[in-house]
Amino acid sequence: MKFVRNNPQVVQDALLKRGSAVTLDEFLKLDQQRREKLFLVEQMKNRRNLVSEEIGRLKKAGKDAPEMQLEMRELSRQIKEIDEVYKDLENKLQRILLDIPNIPHETVPVGQSEADNQVVRTWGKPREFDFTPKPHWDLGEALDILDFERGGKVTGARFTFYKGFGASLERAVINFMLDLHTSQHNYVEVFPPFIVNRESMIGTGQLPKFAEDMFKIEGQEYYLIPTAEVPVTNLYRNEILDGARLPILHCAYSACFRAEAGAAGRDTRGLIRLHQFNKVELVKFCRPEDSYEELEKLTWNAERVLQILGLPYRVVVLCTGDLGFSAAKTYDIEVWLPSYQGYKEISSCSNFADFQARRAGIRFRNARGKAELVHTLNGSGLAVGRTVAAILENCQESDGSVTVPEALRPYLGGLARIG
RNA sequence: GGAGAGAUGGCCGAGCUGGUCGAAGGCGCUCGACUCGAAAUCGAGUAGGCCGUGAUGAGCGGUCUCGUGGGUUCGAAUCCCACUCUCUCCGCCA
């Protein structure tokens, strides 16, 4: 709040770069009013406290002060009135504040849309097939390892069953990723709740603005998590961490639930866009001065998964117009998918700077002993369903079978080929 | 789900017949003294938000915070109400 007040131009510029039409005039006006009321009411409270103390002293001395009490009764009534107005202003301000997106980092390219994102690097070469490769949904059904049909029957559109080696493969990918990050990249695994409360959703920035993207438990302020980012980042909500513990690195498997409002008609087939999918998430809490370096490391950690699996990918940096609401900078990792004849997002690695930390109240004690906001980061490491889709499509053979990447075989009892 | 107990500072734990209580005491931590060094001992310090002032620093002043929200009162950690959470016992359950 203070930052917005003192740097309205910076925030306004950032909003414009993101292509937002929001203006801050209303905010600044309300804030001015709020502070005036606050100053007034605090002066009155000060007087009340002083006089009440005096009354206490008198009573102790055996005297009475009825006229003082009467005066204070009236003062208290006025205080209550102004407090009411103050709270109203405060609420209005909070609402505006919670809808203001993060300020993009200076290294983020300015742009309007997805088309202005910049490719940072490309790894591996898409394989040349000497036959026509099948999309993973056809492969999966032919191999009887995916069953979209019955997923639709049992639940609805955008739900699926994995069966047999399909189910084992999904599980193998999860375990492989978790083992890699815990043993090679020093992340501490957590297994979070898949349902969180409203405060947590506000903390990471999903609420209040994006309520329609979420599944909410009927009659309760509980939500299905859209990503493990939410419970894991909120692990330390309203805490002051020991600075010596930073950076804190967590990885977490979770199912993810997304309403996909507004995605009707997009990626309707296969594992790409489901209402429920699995993901291994990487989350970091670090000192402000380290966060951009930590973002690079986190992105490498995610890329490493694809490298070991031998799946071609590229990394793009999102432009200001495509950047998520909470992020200051984001790298998307996109895996090659033959059925798309292109690269498809499989991980999104973001530095949120102090945006989530401010909303969630996550701080650390700095060298001078003062509480300071941490920076938070997270990234998929990786989306499991999309990884399985990429394996099926990139590793398929002309006879319809799929060669299992070496690294996964230990997780499948040595199985080298499905089909 | 039924019955009861409780929620206080980094931790433990007083206060709860309402009034200098943001809060005794202990532990922990930081600094200092002692020591060649350490331990022990002694001394000092040790929450956060917001507002004002100031340089968006330090400091100072004010205000709020004793689970959360409301109420009573001149005044509430202390009294009343609601909610949340924790613990114990019973029932049920993976």
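Being a predicted model, the structure only gives us computed values, none of them experimental. Labels below follow one simple rule: chain letters A, B, ... track the order of the sequence lines, proteins then strands, and each chain is numbered from 1.
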With [atom1] as the reference atom in both, quote the distance from [N] to [M] in angstrom, rounded to an integer.
N	M	atom1	answer
B:G69	B:C85	C1'	15 Å
B:U63	B:A23	P	13 Å
B:U68	B:U53	C1'	33 Å
B:C11	B:G28	P	16 Å
B:U8	B:A14	C1'	10 Å
B:A77	B:U88	P	31 Å
B:C21	B:C36	C1'	47 Å
B:G9	B:G18	P	24 Å

Quick check for you: among [options], whose closest atom lies nearest to any side-chain atom of [X]?
X	options	value
A:R48	B:G70, B:C74, B:C51	B:C74
A:L38	B:C50, B:C64, B:U56	B:C50
A:R5	B:C74, B:C64, B:G52	B:G52

Side chain of A:E42, base of B:G62: donor and acceptor closer than 3.5 Å? yes
With pairs taken as Watson-Crick or G-U wobble and both distances under 3.5 angstrom, which stems of at least three consecutive pairs involve RNA chain B? B:1-7 with B:84-90, B:10-12 with B:25-27, B:28-33 with B:41-46, B:47-53 with B:59-65, B:67-71 with B:79-83
Expressed in angstrom and rounded to an integer, what is the separation of [X] atom [atom1] from [N] atom [atom2]?
X	N	atom1	atom2	result
A:I82	B:C51	CD1	C1'	15 Å
A:Q69	B:G19	CD	P	15 Å
A:M44	B:G52	CE	C1'	18 Å
A:L58	B:G75	CG	P	16 Å
A:I362	B:G49	CD1	P	15 Å
A:K45	B:U73	NZ	C1'	16 Å
A:L40	B:C64	CG	P	14 Å
A:E90	B:C50	CD	C1'	8 Å

Between the side chains of A:D31 and A:R34, is the shortest nitrogen-to-carboxylate-oxygen separation below 4.0 Å, so that they form an ion pair? yes
Does the pair A:E199/A:R237 count as a salt bridge with the N-to-O cut at 4.0 Å? no
Option from A:E296, A:E293, A:E229, A:E294 for which salt bridge (charged side-chain N to carboxylate O under 4.0 Å, His left out) with A:K284 holds: A:E294
Check whether any side-chain nitrogen or oxygen of [X] sits under 4.0 Å from OP1 or OP2 of [N], and answer yes or no.
X	N	value
A:R363	B:G48	no
A:N197	B:U84	no
A:K37	B:U63	no
A:S76	B:U73	no
A:R57	B:G75	no
A:R73	B:C74	yes
A:K80	B:U72	yes
A:N46	B:U63	yes

Check the orientation of [X] and [Y]. Use parallel for under 30°, tilted for 30 to 60°, and perpendicular for over 60°.
X	Y	value
A:F191	A:Y253	tilted
A:H250	A:F285	perpendicular
A:Y187	A:H185	perpendicular

Pi-cation contact, A:Y86 with A:K37 (under 6.0 Å, within 45°): no
Residue whose closest nucleotide on RNA chain B lies nearer the 5' end, A:R34 versus A:G56: A:G56
Where each residue is assigned the nucleotide of RNA chain B containing its nearest heavy atom, which of A:N49 and A:R365 is assigned the position nearer the 5′ end? A:R365
For A:E36, is the CD atom crowded, meaning more than 12 foreign heavy atoms sit under 6.0 Å from it? yes
So do A:D354 and A:V374 actually touch side chain to side chain, heavy atoms under 4.5 Å? no
